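All remarks here apply to the structure that follows.
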Amino acid sequence: MGNVELSVIIPTYNEHDNVRPIIAKLESALEGINWEAIFVDDDSPDGTAKEVKEVGIEKQNIKVLHRIGRRGLSSACIEGMHLSTAKYMAVIDGDMQHDETRLPEMLECMREGADIVIGTRYAGDGGTGDWDVARIGMSKFATFLGNFLLRKNKTSDPMSGFFMLGRGLFDEVNKKLASDGFKILLDILASAGRKLNVKEVSYTFRTREFGESKLSLSVLGDFAMLLIDKSVGKFVPARLVMFVLVGLVGLMAHLIILGLFNRLFGIDFTVSQIIATTVAIFCNFYFNNIFTYGSTPLKGWRMGVGLVLFFFICGIGAIPNVLLSQYLYFTDGLYWMVAGGAGLAVTAIWNYTISSKLVWRK
């Protein structure tokens with residue numbers, strides 16, 4: 001094979017039917033270029049890693065990193081880049097929705113001195129294919145938020161999952177990258193402590209032919225976590241900030257239930273406070289599992305066990321919650337909303353610290 005000039009990093013999960021087609025497309029697009037494909041598979045139950053290994057027996061430039069017990073798009077890309085020894089590395093999805101025919105043009109931009117080349121849907125003749133209005137709107141809003149974070153390296157498509165960078169830039173930023181997350185490009189651009197030579201190559205996002213989309217609420221959580229991490233992560237852990245934000249949602253639910261039962265239905269304040277606290281715990285568990293710990297969410301029976309454990313942890317914290325709110329309400333005569341909110345606030349650090357170690361432990 002000689003010295004490989006380009007490594008194509010392909011993170012996968014349940015992409016068995018796309019393995020051979022994407023390899024064939026890469027072979028056609030990269031003819032005349034010394035390249036390799038590194039599939040990074042998160043132990044797909046459909047046998048994706050096994051399929052790549054079978055192809056790799058025949059083709060020496062096809063490799064697979066079969067990860068067990070680890071999951072996440074950003075960490076998959078990072079591990080794939082560490083495995084590569086090529087001068088240039090491209091990231092492309094394994095679902096063939098990115099246009100691999102643009103890779104030679106992107107490589108030429110790298111040879112001419114670019115630090116990073118981005119496949120963009122929002123410049124030139126690029127497009128989003130058959131996306132509906134809602135998804136386009138969400139994507140453009142995320143693009144706006146991403147560029148708000150990227151003061152030095154703004155681009156038309158910071159949320160793109162299709163890009164190419166040099167070994168030098170990766171070595172420069174790799175220790176700053178968040179392994180938990182979904183938008184690795186935004187992380188790279190935000191982690192660079194200098195103005196980069198950024199080039200763009202337009203492409204049109206394709207329709208998936210095989211498999212299922214990975215887009216979910218957890219992806220939004222990963223994006224929010226990345227924004228928080230790059231904004232205030234130097235001062236406060238991003239996960240703690242997200243936990244508190246989720247807690248505010250639980251606080252709203254708590255106060256609404258407390259107001260309904262105590263003020264509207266005339267139920268005793270203590271009983272109302274207990275019911276409201278219970279509802280808040282359920283809300284906090286559900287949204288933390290999606291957003292705060294979206295990269296490693298609890299599923300199946302583990303979710304049930306986690307809920308019981310989370311309820312137990314919060315239940316212990318709820319004791320001083322109820323006692324404090326009772327004291328403030330009956331003794332100091334504070335307004336019901338202030339008394340209820342104060343009681344909930346005292347348990348926040350306890351819930352985060354213990355649940356991180358026991359409920360969502362790695």
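Just so it is clear, the model here is predicted, and its values are computed rather than measured.
Considering only heavy atoms from C-beta on, F162 comes within 4.5 Å of M106 through its side chain. Residues V52 and I23 fail the side-chain proximity criterion, which asks for heavy atoms closer than 4.5 Å. Using a 4.5 Å heavy-atom threshold, the side chains of L30 and V8 count as touching. Residues F269 and L258 are in side-chain contact: their nearest non-hydrogen atoms beyond the backbone lie under 4.5 Å apart. Looking at heavy atoms from C-beta onward, M96 lies in side-chain contact with P21 at the 4.5 angstrom threshold. Using a 4.5 Å heavy-atom cutoff, the side chains of L65 and D41 are not in contact. Side-chain contact check for E54 versus R20: some heavy-atom pair is nearer than 4.5 Å. Taking 4.5 Å as the limit, some side-chain heavy atom of L165 sits within range of a side-chain heavy atom of I188.
Side-chain N/O atoms of T120 and S202 include no donor and acceptor closer than 3.5 Å. Defined by atom type and a distance below 3.5 Å, a donor-acceptor pair is present between the side-chain atoms of S75 and R67.
T48 contributes atom OG1, which lies 11.5 Å from atom NZ of K53 (distance to the nearest 0.5 angstrom). Atom CE of M110 sits about 10.0 Å away from atom CD of E5, to the nearest 0.5 Å. With rounding to the nearest 0.5 Å, the separation of CD in E36 from CE in M89 is 10.5 Å. For the atom pair CD1 of I275 and CD1 of I257, the computed distance is 8.5 Å after rounding to the nearest 0.5 Å. Here the CG-CG distance, from N147 to L189, works out to 9.0 Å after rounding to the nearest 0.5 Å. Rounded to the nearest 0.5 angstrom, Y88 OH and R111 CZ are separated by 7.5 Å.
Ring pair F311/F282: centre-to-centre distance below 6.0 Å. Between H66 and F39, the ring center distance fails the sub-6.0 Å criterion.
Note on I33: it clusters hydrophobically with M164, by side-chain heavy-atom contacts below 4.5 Å among ILVMFWY residues. Follow the hydrophobic side-chain contacts under 4.5 Å out from F312 and you reach F310 in the same cluster. Under the 4.5 Å side-chain heavy-atom criterion for ILVMFWY residues, a single connected hydrophobic cluster contains both F261 and V271.
N34 places a side-chain N or O within donor-acceptor distance of the main-chain N or O of N3, the cut-off being under 3.5 Å. A donor-acceptor distance shorter than 3.5 angstrom exists from the side chain of N197 to the backbone of G113, with no hydrogens or angles considered. Put simply, the side chain of N153 never gets that close to the backbone of K195: no donor and acceptor are under 3.5 Å apart. Listed for the D268 side chain is a donor-acceptor partner under 3.5 Å among the backbone atoms of T270. No donor-acceptor pair under 3.5 Å is formed between the side chain of N262 and the backbone N or O of G259.
For the residue pair L26 and A37, the shortest heavy atom distance occurs at CD1-CB, 4.4 Å. Between H16 and D46, the shortest heavy-atom distance links the atoms N-OD2, 3.0 Å. The two residues S156 and T143 come nearest to each other via the heavy atoms O-CG2, 3.6 Å. Taking both residues in full, the closest heavy atoms of F243 and S355 are given as CE1-OG, 3.8 Å, listed atom of the first, atom of the second, then distance. Across every non-hydrogen atom of Y203 and Q97, the tightest pair is CE1-O, 4.1 Å. Between F285 and M303, the shortest heavy-atom distance links the atoms CZ-O, 3.5 Å.
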Next on the checklist: Is there a side chain to side chain contact (heavy atoms under 4.5 Å, CB included) between D95 and T12? Walk through the geometry before answering.
Outcome noted: CA-CA 8 Å; D95 54 16; T12 58; over 6 Å; no
Next on the checklist: The test is side chain to side chain contact (heavy atoms under 4.5 Å, CB included); show your working for I38 and I10 and say whether it passes.
Outcome noted: CA-CA 6 Å; I38 300 177; I10 310 172; over 6 Å; no
Next on the checklist: salt bridge (Lys or Arg N to Asp or Glu O under 4.0 Å), that's the test. Do K199 and E112 meet it? Break it down for me.
Outcome noted: CA-CA 10 Å; K199 299 295 183 182; E112 293 174 356; over 6 Å; no
Next on the checklist: Checking Y13 against L73 for the side chain to side chain contact (heavy atoms under 4.5 Å, CB included) test, could you report, in this order, the C-alpha distance in whole Å, the side-chain angles of both residues, the deciding distance, and whether it holds?
Outcome noted: CA-CA 9 Å; Y13 184 75; L73 185 124; over 6 Å; no
Item to check | Chi angles and distances behind the side chain to side chain contact (heavy atoms under 4.5 Å, CB included) call for L177, I184 | outcome: CA-CA 8 Å; L177 301 177; I184 180 68; 4.1 Å; yes
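Across R167, R194, K152, a single residue satisfies salt bridge (Lys or Arg N to Asp or Glu O under 4.0 Å) together with D115, and that is R194.
When the shell of 6.0 Å around NZ of K50 is examined, it contains 12 or fewer heavy atoms from other residues, nucleotides or ligands. By the 6.0 Å contact criterion, NZ on K175 is open, its count of non-hydrogen atoms from other residues, nucleotides or ligands being 12 or less.
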